[in-house]
Amino acid sequence: MTAPSLHSTTRGEKLSTRYAFVGLGHRAQMYVDALLGDWRDTGTIVGLCDTNQTRMNYYVERIGRQVPCFAPDEFGKLLELADAVVVTTMDVTHARYVVAALDAGLDVIVEKPLTIDAEGCEAIAAAAERNPGKLVVTFNYRYSPRNSAVKKLISEGAIGQVTSVHFDWALDTIHGADYFRRWHRDKANSGSLLVHKSTHHFDLVNWWLAAAPELVFAQTDLRFYGQALPRGPRPARGQGAPGLGTDPFILDISTDERLKRLYLDAEHEDGYIRDQDVFGPGVTIDDNMSVLVRYANRAMLTYSLTAHAPYEGYRVVFNGTEGRIELDVLERPWTPEHAAIDPSAAGKEHMAGAGEKLILHRHWQEPEEITIEQGEGGHGGGDRLLLDDVFRGPGDDPLGRPAGYRDGIRSVLVGVAATRSASTGTPVRLAADGTRLVGA
């Protein structure tokens with residue numbers, strides 16, 4: 001069957017889209033809640049698919065009515081019920097579900113990263129080009145007011161032509177550590193943090209510059225988590241561990257009702273352990289990453305990601321032919337001694353001093369602080385803007401924030417190229433449009 005496009009109607013016009021979900025972990029909740037809340041007029045949830053019935057039961061209860069549930073090998077039956085599919089599964093499985101949904105004539109909404117490797121990118125590109133369905137990659141960072149303000153300055157030529165970008169991202173020992181407890185710790189599942197996490201950041205730079213990456217060189221290492229440092233005997237997981245409540249790296253998953261129901265109560269079905277020891281065996285991703293990227297417009301990016309910082313935030317600097325832009329963001333000034341599931345779940349006692357500042361430096365002029373207009377909701381109102389574009393279709397956006405599959409591919413391939421470069425010690429080249437690795 002051929003499904004109606006997600007973006008085929010005038011913005012604001014009510015749609016009657018039938019949405020199916022595959023992957024019912026915590027990432028699915030933003031989209032489920034949207035369709036149960038302020039975006040309920042745009043469509044309805046008609047089916048769920050996951051490896052775990054307990055997780056699906058949690059969402060059926062949240063939806064408040066009976067919804068058909070399917071195992072992964074029944075995904076084809078789910079597609080028969082839907083016009084569009086929301087994909088929030090483990091990264092390594094994205095390509096499989098995206099391609100199947102597109103080939104069934106459906107539209108697809110997929111969480112970043114689009115996929116984890118060059119082969120997945122190629123398969124998705126081919127499916128997107130041979131089918132009528134729309135593919136939306138949900139890069140919510142584009143919609144954050146501070147990042148949109150940077151895009152506007154660059155687009156208006158505030159600093160002339162951008163010559164270089166310096167981007168430093170710090171994940172603290174709440175947020176960063178959590179990647180080393182979950183399935184992300186295995187590169188076979190996540191493609192590494194350079195794919196899973198840095199995809200957001202590479203997409204921002206690609207979008208800010210409106211240019212394609214063409215050459216990537218990187219160095220990475222595991223210096224803190226896993227078995228990088230001698231630490232003595234440790235419990236394999238948090239639940240039931242003797243250090244529970246005293247060791248800030250041991251997570252008590254039972255204290256968060258939602259995560260308890262999604263994972264602790266569900267692990268008897270598929271054996272997935274959500275609270276593994278961050279210093280235990282099995283960690284195959286790195287926690288320190290440095291990347292150099294050259295773009296087709298001759299701009300250069302220097303990028304770093306640290307996953308064990310004592311605070312959370314980022315700094316990005318743009319040098320241009322007519323000046324400089326500096327964006328400083330401090331999301332959590334210090335890290336309290338507890339293991340929060342989510343950065344926003346840690347209370348407020350550690351938030352004094354958090355904030356953001358955007359400064360424009362023009363040649364021969366005094367610095368100018370740019371006002372960042374905040375909206376309501378997550379990411380300064382950015383999440384609401386994203387959900388509007390996803391469920392109502394994009395409006396007239398001069399910043400071009402909605403992202404398609406080519407944007408998703410470019411961001412993934414910078415991470416893939418960086419991972420490859422780090423393992424070989426040599427630069428990796430991309431095709432002129434940034435959507436293919438040369439020699440891959």
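Residue numbers start at 1 and run along the sequence shown.
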- Task: For Ser164 and Asn319, run side-chain hydrogen bond (donor to acceptor under 3.5 Å, both in side chains): C-alpha distance rounded to whole Å, both residues' side-chain angles, the deciding distance at 0.1 Å, then the answer.
- Result: CA-CA 5 Å; Ser164 63; Asn319 294 305; 3.0 Å; yes
- Should Val32 and Ile63 be marked as a side chain to side chain contact (heavy atoms under 4.5 Å, CB included) after you check the CA-CA gap, both sets of side-chain angles, and the distance that decides it? CA-CA 8 Å; Val32 169; Ile63 293 166; 4.2 Å; yes
- Item | Distance, nearest 0.5 Å, that separates CG of Asp277 from CG of Asp247 | 8.0 Å
- Task: Identify whether the distance between the nearest side-chain nitrogen and carboxylate oxygen of Arg332 and Asp172 falls below 4.0 Å.
- Result: yes
- Presence of salt bridge, Asp107 and Lys134, under 4.0 angstrom: no
- Message: With a 4.0 Å cut-off on N to O distance, would you call Asp407 and Lys112 a salt bridge?
- Response: no
- Task: Check ring-ring contact (aromatic ring centres under 6.0 Å, His included) between His308 and all other residues, then give those that pass, not counting sequence neighbours.
- Result: Phe224
- Would you name the heavy atoms of Ile250 and Pro235 that are closest together and state the gap between them? CD1-CG, 3.8 Å
- Taken to the nearest 0.5 Å, the spacing of Asp433 CG from Arg436 CZ works out to 8.0 Å
- Task: State, with a plain yes or no, whether a side-chain heavy atom of Val136 is found less than 4.5 Å away from one of Val108.
- Result: no
- Query: Within a reach of under 6.0 Å around CZ of Arg429, are more than 12 heavy atoms found that belong to other residues, nucleotides or ligands?
  - Reply: no
- Query: Salt-bridged, Glu214 to Arg298, with N to O below 4.0 Å?
  - Reply: no
- side-chain hydrogen bond (donor to acceptor under 3.5 Å, both in side chains) evaluation trace for Tyr314 with Asp328: CA-CA 6 Å; Tyr314 65 96; Asp328 287 283; over 6 Å; no
- Interatomic distance, CG@Asp221 vs CG@Asp286, rounded to 0.5 Å, equals 6.0 Å
- Query: His94 side chain to Pro113 main-chain N or O, any donor-acceptor pair under 3.5 Å?
  - Reply: yes
- Message: Just verifying a value: how many Å separate Asp117 CG and Glu122 CD, rounded to the nearest 0.5 Å?
- Response: 10.5 Å
- Query: Would you say the side chain of Thr302 lies within less than 4.5 Å of the side chain of Val165, judging by non-hydrogen atoms?
  - Reply: no
- Item | Validation row: Val150, Trp208 side chains within 4.5 angstrom (heavy atoms) | yes
- Query: Got more than 12 heavy atoms from elsewhere within 6.0 Å of CD, Gln219?
  - Reply: no
- Query: Taking all non-hydrogen atoms of both residues, which atom of Ala210 and which atom of Lys151 are closest, and how far apart?
  - Reply: CB-NZ, 4.1 Å
- Task: Indicate, with yes or no, if the rings of Trp207 and Phe139 have centres closer together than 6.0 Å.
- Result: no
- Query: Above 12 or not: heavy atoms from other molecules or residues under 6.0 Å from CE of Met30?
  - Reply: yes
- If we ignore angles and hydrogens, is there a donor and acceptor under 3.5 Å between the side chains of Thr419 and Ser192? yes
- Task: Inspect the surroundings of CD in Gln239 and state if more than 12 heavy atoms from other residues, nucleotides or ligands are less than 6.0 Å away.
- Result: yes
- Query: Do Ile159 and Leu153 come close enough that some side-chain heavy atom pair is under 4.5 Å?
  - Reply: no
- Item | Separation of Leu358 CG from Ile372 CD1 (nearest 0.5 Å) | 5.0 Å
- Item | Flag, side chain of Asp50 to backbone of Leu24, donor-acceptor distance under 3.5 Å | yes
- Task: Decide, yes or no, whether a salt bridge links Arg142 with Asp397 under the criterion of side-chain N to carboxylate O below 4.0 Å.
- Result: no
- Query: Would the Phe391 and Tyr19 ring centres measure less than 6.0 Å apart?
  - Reply: yes
- Message: A side-chain contact here means heavy atoms from C-beta on lying under 4.5 Å apart; do Val317 and Arg324 qualify?
- Response: yes
- Going through the distances and angles, do Tyr311 and Glu331 end up as a side-chain hydrogen bond (donor to acceptor under 3.5 Å, both in side chains)? CA-CA 8 Å; Tyr311 64 88; Glu331 296 180 336; over 6 Å; no
- Side-chain touch Ser304/Met289, heavy atoms, less than 4.5 angstrom: no
- Main-chain N/O of Thr17 paired with Asp83 side-chain donor or acceptor, under 3.5 Å: no
- Task: Give a yes or no on whether the backbone of Ala158 and the side-chain of Arg362 come within a donor-acceptor separation of less than 3.5 Å.
- Result: yes
- Message: Aromatic contact between His175 and Tyr179, with the criterion being ring centroids under 6.0 Å apart: yes or no?
- Response: yes
- Task: Take Tyr31 and Thr88 through the test side chain to side chain contact (heavy atoms under 4.5 Å, CB included) and record every step on the way to the result.
- Result: CA-CA 10 Å; Tyr31 305 99; Thr88 53; 4.1 Å; yes
- Message: If I compare all heavy atoms of Arg185 with all of Gly280, which pair ends up nearest, and what's the gap?
- Response: NH2-O, 4.0 Å
- Check: Ala127 main-chain N/O paired with Tyr405 side-chain donor or acceptor under 3.5 Å: no
- Message: In terms of relative ring orientation, are His201 and Tyr141 parallel, tilted or perpendicular, with 30° and 60° separating the classes?
- Response: parallel
- Between Tyr59 and Arg55, does a side-chain hydrogen bond (donor to acceptor under 3.5 Å, both in side chains) hold up when you go through it step by step? CA-CA 7 Å; Tyr59 279 100; Arg55 284 195 286 273; over 6 Å; no
- Query: Is the cationic atom of Arg231 (NZ for Lys, CZ for Arg) positioned less than 6.0 Å from the six-membered ring centroid of Phe279 and within 45 degrees of its normal?
  - Reply: yes
- Atom CG of Leu387 and atom CZ of Arg392: how far apart are they, to the nearest 0.5 Å? 10.0 Å
- Message: Under 4.0 Å between a side-chain nitrogen and a carboxylate oxygen: does that hold for Glu326 and Lys357?
- Response: no
- Considering non-hydrogen atoms only, spot the tightest contact between Val412 and Thr115 and give its length. CG2-O, 3.5 Å
- Quick check: are there more than 12 heavy atoms from other residues, nucleotides or ligands sitting under 6.0 Å from CD of Gln161? no
- Please report the closest heavy-atom contact between Tyr295 and Val293, naming both atoms and the distance. CE1-CG1, 3.6 Å
- Just wondering, do Leu305 and Tyr303 contact through their side chains at under 4.5 Å, heavy atoms? yes
- Should Lys260 and Asp265 count as an ion pair when the cut-off is N to O under 4.0 Å? yes
- Determine whether the aromatic ring centres of Tyr263 and Trp183 lie less than 6.0 Å apart. no
- Message: Counting C-beta onward and ignoring hydrogens, is there a side-chain heavy-atom pair between Arg62 and Gln29 closer than 4.5 Å?
- Response: yes
- Side chains of Ser148 and Arg401: do they bring a donor and an acceptor to under 3.5 Å? yes
- Task: Check Asp287 against Arg223 and note the closest heavy-atom contact, atom names and distance.
- Result: OD1-N, 2.8 Å
- Is the closest basic N to carboxylate O distance between Asp275 and Arg182 below 4.0 Å? no
